[in-house]
> 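Have a look at the structure that comes next, please.
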Amino acid sequence: MRLLQESQCFLFAFLLLLHVVTGEKDPVSFEESAYKIPPTGQTIPQETLDLISTSNRFYHSKYRTLCQPSQIHLSLGDRSKDINPSSTGMHLSFSIPNRITQECHPDQIQIEVQYGLVNSDVHSSFLIHEHDENVHIKQYSYTSPFATTETYDSDFQYHVAIHDLDFDSNYWYDIKVVKLSGKQLDSSSIMVPQTKRYLRREHPNKARKVFRTAPKPGSTKPVKFAIVGDLGQTYNSTTTMLNMLSSLQDEDPPTALLIAGDMSYANTIQQEWDNWFNLMEPITQKVPMMVAAGNHEIECDAKGNHLPFTAYENRFWMPNRLGDAVLKPVEERNLDDAKVWTFCATPSVFEGQYDFGNAFYSFEYGMVKTIVLSSYSKTHKGSEQYKWLKRELIKVNQDRKQTPWLVVMMHTQFYTTFKAHNDEKQTMDMKDSMEELFLQYKVNIVISGHDHAYMRTFGMYNGSRVKDGCAPVYLIVGEGGNREEHVKSYLNPKKEVWVAIRDRSVYGFGSLEVSNSTTARWTWNMGNSGGFKDDVWLQNQYHF
Ligand SMILES: *[C@@H]1O[C@H](CO)[C@@H](O)[C@H](O)[C@H]1NC(C)=O
Ligand SMILES: *[C@@H]1O[C@H](CO)[C@@H](O)[C@H](O)[C@H]1NC(C)=O
Ligand SMILES: CC(=O)N[C@H]1CO[C@H](CO)[C@@H](O)[C@@H]1O
């Protein structure tokens with residue numbers, strides 16, 4: 001009996017392991033553009049370029065339409081509150097112009113959401129009402145500490161929940177502006193020149209947008225996530241994004257995207273958030289994007305209320321929220337020039353308060369339960385986050401047959417082989433209080449970014465490789481391609497015994513494909529031709 005237990009528990013087997021590091025790629029010149037599209041004929045395959053040109057955001061039309069939604073991004077819906085949940089949901093988020101014209105104010109326009117099962121004649125629709133409990137319209141003003149003479153007024157950020165969807169099904173949807181300035185929409189009267197950047201016309205041949213809902217917890221349906229961190233918006237980020245986009249054409253495509261923090265690298269310049277959501281839209285309008293708060297999301301407001309996480313709280317809407325965000329302003333004395341990077345823009349250590357909202361939350365996706373933690377919220381034993389985490393872990397372990405795979409995602413890393421963000425106090429405090437729970441409650445995989453590199457460990461606890469492997473495996477996925485480039489060096493020239501594989505040379509993203517309760521395949525650096533790769537079958541460390 002004991003032998004059997006141990007064999008269930010053996011270390012992650014490598015059935016396939018490729019580790020090829022090639023030399024420098026040819027330098028690629030590209031013109032800095034809003035979307036940072038690399039030139040045709042470079043590293044991006046033609047099929048992918050075709051994909052971009054038919055996706056509406058990249059479509060260069062002569063005229064664009066007033067008040068149209070852009071920056072469309074999905075996130076998974078809220079868990080059903082019913083005792084016997086039989087349906088699921090999706091959140092639709094998008095942006096309606098504000099900064100160009102007042103005509104698009106929510107009081108002035110009427111937006112209709114239509115959706116229905118693909119291959120079914122039945123469809124549903126509703127008009128968006130500001131005071132509906134399923135609708136949240138956010139708009140914020142923000143002053144960058146680096147440009148205090150200019151206040152940015154955001155577009156209207158809509159977050160609309162759709163409920164009562166079937167699990168594991170394809171739905172089409174459409175977001176339509178049906179009334180403008182109180183007038184029924186007349187398409188001929190609303191054409192404006194393209195120079196107005198936020199206005200655009202839909203692609204004439206655009207297919208309806210389609211998303212797939214999550215499989216039901218307890219279902220045996222295989223699931224696949226695309227996973228990345230520290231993405232940014234450089235040429236290299238665009239390459240990663242395009243590779244993710246072309247993976248959506250695969251026979252078994254990823255149906256959710258997990259980002260382990262540091263999304264846009266706007267670094268307080270809010271227009272860069274608009275650019276980033278536009279850049280991501282071809283993917284995020286099809287696949288729910290689930291995010292964690294990174295230090296590049298802290299971005300406190302230099303005037304107004306001095307609150308941190310302004311863009312992160314207004315632009316994303318994660319499911320199963322525990323309530324509105326509770327944020328403490330950054331202290332005035334920490335906003336002067338000398339301290340602004342350390343305390344307000346993208347600090348490594350953040351001592352403020354950030355609870356609830358998009359800070360920490362969880363979601364089920366078929367066989368996988370994911371718990372997203374905030375590295376920039378309190379983590380000690382009495383903290384809101386710790387108490388909630390413990391409750392979640394107890395709950396999920398009451399029936400691991402429902403979700404035999406338990407993933408934790410957070411921005412900062414408990415373990416690293418890189419000389420970069422090693423031993424940051426805040427992260428070490430989090431590790432001191434929470435690592436024990438990860439082990440006790442049988443977390444399979446812990447995903448982080450922060451270090452701009454890639455690492456996979458063996459089962460780890462308290463600084464060492466656990467002999468029988470019955471401990472969480474730690475992944476660092478911060479090689480998305482942001483402007484800060486790769487970490488410069490390793491802590492030790494030879495990899496530590498607990499490190500299975502590491503890289504700091506090639507950008508990419510990961511794919512987690514859960515086949516069944518015992519086996520998953522993890523692949524890193526998807527779609528990049530040549531370069532470093534990691535491709536392993538992971539055995540569930542625990543026996544359910
Ligand atoms: C963790 O390891 C340290 C030595 O590195 C040891 O002193 C400590 O007791 C260990 N803690 C646990 C909980 O095993
Ligand atoms: C689980 O999936 C793996 C990989 O596809 C497969 O080899 C294995 O036989 C499956 N196990 C069960 C119990 O179905
Ligand atoms: C590692 C990698 O792919 N780096 C590329 C990032 O983008 C620049 C162009 O801006 C390329 O020259 C690098 O090869």
Side-chain angles (χ1 to χ4, degrees), residues 73-82 85-93 134 136 159-169 171 211-219 221-229 254-261 263 283-284 286-293 312-313 316-323 325 356-374 377 385 388-411 438 441-448 510 512-514 520:
H73 52 114
L74 308 171
S75 68
L76 292 170
D78 297 315
R79 185 179 294 140
S80 167
K81 289 178 183 72
D82 302 341
S86 57
S87 67
T88 184
M90 193 67 84
H91 288 107
L92 309 182
S93 296
N134 296 314
H136 297 270
H159 306 286
V160 181
I162 308 181
H163 300 292
D164 299 322
L165 303 178
D166 294 347
F167 282 101
D168 199 24
S169 305
Y171 281 85
F211 61 72
R212 187 161 188 86
T213 52
K216 195 173 180 171
S219 119
K221 179 74 190 287
V223 302
K224 193 172 186 175
F225 297 153
I227 302 179
V228 72
T255 46
L257 167 64
L258 274 53
I259 309 189
M263 270 67 79
I283 298 175
T284 59
K286 298 189 182 107
V287 168
M289 168 169 61
M290 313 308 290
V291 292
Y312 185 68
E313 273 299 317
F316 293 97
W317 191 270
M318 293 299 115
N320 306 318
R321 294 160 68 92
L322 300 160
F356 315 123
N358 294 325
F360 41 92
Y361 63 94
S362 73
F363 59 92
E364 291 80 31
Y365 198 98
M367 286 179 271
V368 187
K369 161 100 176 184
T370 304
I371 294 181
V372 178
L373 297 177
S374 164
S377 304
Q385 182 167 220
W388 168 80
L389 171 65
K390 189 158 181 183
R391 284 200 305 273
E392 282 296 297
L393 290 170
I394 290 170
K395 210 162 45 178
V396 62
N397 277 286
Q398 278 162 0
D399 188 2
R400 282 293 287 273
K401 289 217 179 329
Q402 292 286 303
T403 50
W405 290 86
L406 176 54
V407 172
V408 168
M409 179 168 79
M410 61 202 182
H411 184 56
F438 292 3
Y441 293 100
K442 302 186 166 122
V443 171
N444 296 101
I445 301 171
V446 181
I447 299 165
S448 303
L512 179 68
E513 196 175 351
V514 174

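Scope of the values below: all heavy atoms of this structure, side chains included, with no hydrogens, waters or symmetry mates.
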> Please tell me if the side chains of L76 and M290 come closer than 4.5 Å, counting only heavy atoms from C-beta onward.
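Of all side-chain heavy-atom pairs linking M290 with L76, at least one is under 4.5 Å.
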> Residues two or more places apart in sequence or in another chain: which of them pass side chain to side chain donor-acceptor pair (under 3.5 Å) with H159?
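H159 satisfies side chain to side chain donor-acceptor pair (under 3.5 Å) with S93 once adjacent residues are dropped.
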> What's the spacing between M409 CE and I259 CD1 if we round to 0.5 Å?
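With rounding to 0.5 Å, CE (M409) is 8.0 Å from CD1 (I259).
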> Y361 vs F363 aromatic rings, parallel, tilted or perpendicular, using cut-offs 30° and 60°?
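Parallel.
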> Once side chain to side chain donor-acceptor pair (under 3.5 Å) is applied, do any residues pair with D399, and if so which ones, sequence neighbours excluded?
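None.
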> Can you name the residues that form a side chain to side chain donor-acceptor pair (under 3.5 Å) with E364, not counting sequence neighbours?
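For E364 the side chain to side chain donor-acceptor pair (under 3.5 Å) partners, ignoring immediate neighbours, are R79, K369.
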> Report the distance from atom CG of L322 to atom CG of N358, rounding to the nearest 0.5 Å.
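It comes to 11.0 Å.
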> In Å, rounded to the nearest 0.5 Å, how long is the span from CH2 of W388 to NZ of K395?
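It comes to 8.5 Å.
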> Quick check: do V372 and L258 have side-chain heavy atoms less than 4.5 Å from each other?
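No, too far: nothing below the 4.5 Å cut-off.
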> Tell me, with the steps shown, if K442 and V396 meet side chain to side chain contact (heavy atoms under 4.5 Å, CB included).
CA-CA 10 Å; K442 302 186 166 122; V396 62; over 6 Å; no
> Does S75 have any side chain to side chain donor-acceptor pair (under 3.5 Å) partners at least two apart in sequence or in another chain, and if so, which?
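S75 satisfies side chain to side chain donor-acceptor pair (under 3.5 Å) with no residue once adjacent residues are dropped.
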> The criterion is ring-ring contact (aromatic ring centres under 6.0 Å, His included); which residues satisfy it with Y441, sequence neighbours excluded?
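ring-ring contact (aromatic ring centres under 6.0 Å, His included) check on Y441 returns nothing, list empty.
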> Of all heavy-atom pairs between S448 and H411, which one has the smallest distance, and what is that distance?
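Closest pair (atom of S448, atom of H411, distance): CB-O, 3.6 Å.
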> With a 4.5 Å heavy-atom cut-off, do N134 and H163 have their side chains touching?
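N134 vs H163: side chains touch.
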> List for me each residue that meets side chain to side chain contact (heavy atoms under 4.5 Å, CB included) alongside Y171, sequence neighbours excluded, and say none if there are none.
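Counting only residues at least two positions away or on another chain, Y171 forms a side chain to side chain contact (heavy atoms under 4.5 Å, CB included) with Y115, L117, L165, D166, S169, F211, T213.
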> Could you state the interatomic distance from OG1 (T403) to CG (N397), rounded to the nearest 0.5 Å?
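The CG atom of N397 is 8.0 Å from OG1 of T403, to the nearest 0.5 Å.
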> Apply side chain to side chain contact (heavy atoms under 4.5 Å, CB included) to V287 and list each qualifying residue two or more places apart in sequence or on a separate chain.
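Here the qualifying residues are L248, L257, I283.
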> Taking all atoms of both residues into account, what is the closest heavy-atom pair of L512 and A520, and its distance?
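Minimum heavy-atom separation between L512 and A520: CD1-CB, 4.3 Å.
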> From T284 OG1 over to L92 CG, what is the distance, rounded to the nearest 0.5 angstrom?
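Nearest 0.5 Å value for the OG1-CG distance: 11.0 Å.
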> Apply salt bridge (charged side-chain N to carboxylate O under 4.0 Å, His left out) to R212 and list each qualifying residue two or more places apart in sequence or on a separate chain.
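Only D168 meet the salt bridge (charged side-chain N to carboxylate O under 4.0 Å, His left out) criterion with R212.
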> Suppose we screen for ring-ring contact (aromatic ring centres under 6.0 Å, His included). Which residues come up paired with F225, at least two apart in sequence or across chains?
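With sequence neighbours excluded, F225 shows a ring-ring contact (aromatic ring centres under 6.0 Å, His included) to Y365, given in chain and number order.
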> Could you pull out all residues at least two apart from Q385 that satisfy side chain to side chain contact (heavy atoms under 4.5 Å, CB included)?
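Scan of Q385 (side chain to side chain contact (heavy atoms under 4.5 Å, CB included), adjacent residues dropped) gives F360, L373, S374, S377, T379, S383, M434.
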> Can any side-chain N or O of N444 pair as donor or acceptor with the backbone N or O of L406 at less than 3.5 Å?
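Checked: pair present.
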> Could you pull out the closest heavy-atom pair between P254 and A226, with the gap in Å?
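Closest approach of P254 to A226: CB-N, 3.6 Å.
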> Find out whether H91 and D78 are in side-chain contact, i.e. whether some heavy atom of one side chain is under 4.5 Å from a heavy atom of the other.
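Answer yes - side chains close enough.
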> Going by salt bridge (charged side-chain N to carboxylate O under 4.0 Å, His left out), name the residues that satisfy it together with E313, two or more places apart in sequence or in a different chain.
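With sequence neighbours excluded, E313 shows a salt bridge (charged side-chain N to carboxylate O under 4.0 Å, His left out) to R321, given in chain and number order.
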> Are side-chain heavy atoms of T370 and I447 found at a separation under 4.5 Å?
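When only atoms from C-beta onward are counted, I447 and T370 do not touch, as no gap falls below 4.5 Å.
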> To the nearest 0.5 Å, what is the distance between CE on M289 and CE on M318?
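Spacing of CE (M289) from CE (M318) equals 6.5 Å.
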> Given side chains that start at C-beta, do those of F316 and M263 come closer than 4.5 Å, heavy atoms only?
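Yes, their side chains come closer than 4.5 Å.
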> Under the rule for ring-ring contact (aromatic ring centres under 6.0 Å, His included), what residues qualify as partners of F438, not counting sequence neighbours?
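Partners of F438 under the ring-ring contact (aromatic ring centres under 6.0 Å, His included) test: F414.
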> Please report the shortest heavy-atom distance between A214 and T88, naming the atom on each side.
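Where A214 meets T88 most closely, the heavy atoms are O-CG2, 4.4 Å.
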